[in-house]
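Side chains included, hydrogens not; waters and symmetry mates left out as well; all remaining heavy atoms used.
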Amino acid sequence: MSASLAGAPVFALQDGNNFYVSCERVFNPRLENKPVCVLSSNDGCAIARSSECKALGVKMGDPLFQLQDLVRRHGLICLSSNFALYGDLSARVLEVLSQFSPDIEPYSIDENFVRVERMRLLWPDLTQMGQAMVARVKQWVNIPTCVGFGTSKTMAKLSNHVAKKNPQFGGVFDSTSYPAKELGALLATISVGEVWGVGRRIAEKLNAMGIHTVQDLRQSSPKFIRSHFSVVMERTVAELQGISCLDLEDVAPPKQQIISSKSFGTMVSTQEELGEALTSYVTRAAEKLRAQRSVCGAVHVFVMTNRYTTRDPQYCNGITIPLPNPSADTMALAGAALAGLKAIYRKGYAFKKTGVMLLDLSPAGIVQGSWFDQVEVQSRQSDVVMAALDSLNARFGRDTVTVAAAGTQKRWVARAENRTQRFTTRWTELPKAYAK
DNA sequence: TCTGGGGTCCTAGGACCC
DNA sequence: TCTGGGGTCCTAGGACCC
């Protein structure tokens, strides 16, 4: 049994093995034991690989046209992606895990963090708990997974990695009960780039400083790391030392931006075609926006040519269009997007990709019975503030219940309460009506 | 010929204020 | 008019994650 104190957090990280491929295998058992990969949209490149596929040397992101030889000679099976299916199975996995603890944070489509320390009466041995999780997810959803335990999220992630890479652990690794000396030896065999939060760039920089393995980083001083990197890395080192800095996010916060974009299968040149694609992306993004009950204050549009070709001239550009009234209305957003497109469109290019980002999101609808419209104006002039209040009155007319203004010398917030809408608007520049 | 689509957080630096 | 410290807000860009 682990020596962790009662109440001190213990995290599990459950992670589906080769998740998309495993999902496909649920409904097509003939894919079992065969090299399989799942492709991105337009069947562009590999985004998930079975272990047999990895053994053939296929890398994440390898384009399909480079895999044709493996398809012919080794029977590599390449499948188009089916994200609706993966999302459905992900939800089922989550349901099974909720039998083990109510404190769960779905981290990605194939990963879940679980706080387990409150369940120690039921599961004094974490390894047994992890084995039960693996067995039950396999039995009920037929998805193979691994589970790692740690006293921080970062250690749970790392333990999951250990479980995945070392078959002798049977898919479960509990770093909290592993003898300290042996744990250090084990972590000294793992390269520092495997740590959650250490990407390619930071790994290079760490290597240059003589920090090559997870154990090297774990034995570094957080303050030293802070001085050469950022507060994020400082936290990572503390987490590796078993000090939990990142808690479970049990209620998912609303998105701060919503993106919808896609590459074209064949190149597109005309503004009309780009506009049609954009309109469908805006429709999808606006649905997501309304689903989280937000309105959006600015729409960003971008276009780009094919960055992989050296033959054609390159052009990429983007523009952010602020909305005078924050909205979740598809037509309003599409109008802004198309106006943006018109501004950045150039004739004579073969475009590969376009997309839209909804920015400046804020809550819409009823919040504890109050409805507000806020206008922030950068001015110390009282007449400007009064003008802002006037505009709120004009916008809501008789529906306006109260108006008020408060702020500092520079930045004023004018606020109107209204029976039908709640918006929070931030103007980064003065609304035209008030410009002097 | 053919190369994904989402997201988050942090920092530096400029504008502006007292 | 000049100088400087302390502070806020905003944006662009980089780095990371799946």
Next item on the list: Report the distance from atom CD1 of A:I109 to atom P of B:dG4, rounded to the nearest whole Å.
Entry: 19 Å
Next item on the list: Provide, to the nearest angstrom, the distance between the CG atom belonging to A:L361 and the P atom belonging to B:dG6.
Entry: 15 Å
Checklist line | Within residues 50-69 of chain A: residues closer than 4.0 Å to DNA chain B (heavy atoms) | finding: A:P63, A:F65
Check: So which of residues 230-259 of chain A are in contact with DNA chain B, with a heavy-atom cut-off of under 4.0 Å?
Finding: A:S230, A:V231, A:V232, A:R235, A:K255, A:Q256, A:Q257, A:I258, A:I259
Margin query: Checking contacts here: which listed nucleotide (C:dC18, B:dG5, B:dG6) is nearest the side-chain heavy atoms of A:E111?
Written below: C:dC18
Check: Taking atom types as modelled, is there a side-chain donor on A:E249 or A:Y107 under 3.5 Å from an acceptor on the other?
Finding: no
Check: Got a sec, which residues hit salt bridge (charged side-chain N to carboxylate O under 4.0 Å, His left out) with A:R115, two or more places apart in sequence or on another chain?
Finding: A:E117, A:D247
Check: Taking only Watson-Crick and G-U wobble pairs with both distances under 3.5 Å, what dot-bracket line describes DNA chain C, where [ ] shows pairs that cross earlier ones and | shows pairs with another strand?
Finding: ....||||||||||||||
Check: With sequence neighbours left out, what residues match A:T305 under side chain to side chain donor-acceptor pair (under 3.5 Å)?
Finding: A:Q314
Note to self: A quick test of your reading: do over 12 heavy atoms of other residues, nucleotides or ligands sit less than 6.0 Å from NZ of A:K288?
What the structure shows: yes
Notebook entry, point to check: Between B:dT3 atom P and A:R49 atom CZ, what is the distance in whole Å?
Noted result: 19 Å
Next item on the list: For A:N42 and B:dC2, give me the distance from atom CG to atom P, rounded to whole Å.
Entry: 12 Å
Checklist line | Nearest-angstrom distance from the residue atom CZ of A:F19 to C1' of C:dC17 | finding: 17 Å
Item checked: Proximal nucleotide (of C:dC18, B:dG4, B:dG6) relative to the A:W196 side chain -> C:dC18
Note to self: Assuming nearest nucleotide by heavy-atom distance, tell me which of A:F229 and A:Y20 is located more 5' along DNA chain B.
What the structure shows: A:Y20
Note to self: Is it the case that over 12 heavy atoms from other parts of the model lie below 6.0 angstrom from the CE atom of A:M331?
What the structure shows: no
Note to self: What I want to check is whether the side chains of A:R235 and A:T154 have a donor and an acceptor closer together than 3.5 Å.
What the structure shows: no
Item checked: Length of the line joining A:L39:CG and B:dG5:C1', which is rounded to integer Å -> 14 Å
Next item on the list: Quick one: label A:D43 by what it contacts on the DNA or RNA (base, sugar-phosphate, nothing), any heavy atom closer than 4.0 Å.
Entry: nothing
Item checked: A:F113 ring center near A:W196 ring center (under 6.0 Å) -> yes
Check: Does A:D174 offer a backbone N or O that forms a donor-acceptor pair with the side chain of A:Y178 under 3.5 Å?
Finding: no
Next item on the list: Identify which nucleotide among C:dC17, B:dT3, B:dG5 has an atom closest to any side-chain atom of A:Y308, counting heavy atoms from C-beta outward.
Entry: B:dT3
Notebook entry, point to check: Within the structure shown, what part of the strands sits under 4.0 Å from A:V195 by heavy-atom distance: base, sugar-phosphate, or nothing?
Noted result: sugar-phosphate
Note to self: Classify the ring geometry of A:F83 against A:Y86: parallel below 30°, tilted from 30° to 60°, perpendicular beyond 60°.
What the structure shows: perpendicular
Note to self: Without decimals, in angstroms, what is the distance between A:K153 NZ and C:dC18 C1'?
What the structure shows: 14 Å
Next item on the list: Remember a base hit wins even if backbone is also touched, and classify A:S81 as base, sugar-phosphate or nothing at under 4.0 Å, heavy atoms.
Entry: nothing
Next item on the list: Pull out every residue in residues 200-227 of chain A that has a heavy atom closer than 4.0 Å to any atom of DNA chain C, ordered by number, or say none.
Entry: A:R200, A:R201, A:I202
Next item on the list: Measure from OH on A:Y107 to P on C:dC18 and round the result to the nearest Å.
Entry: 5 Å
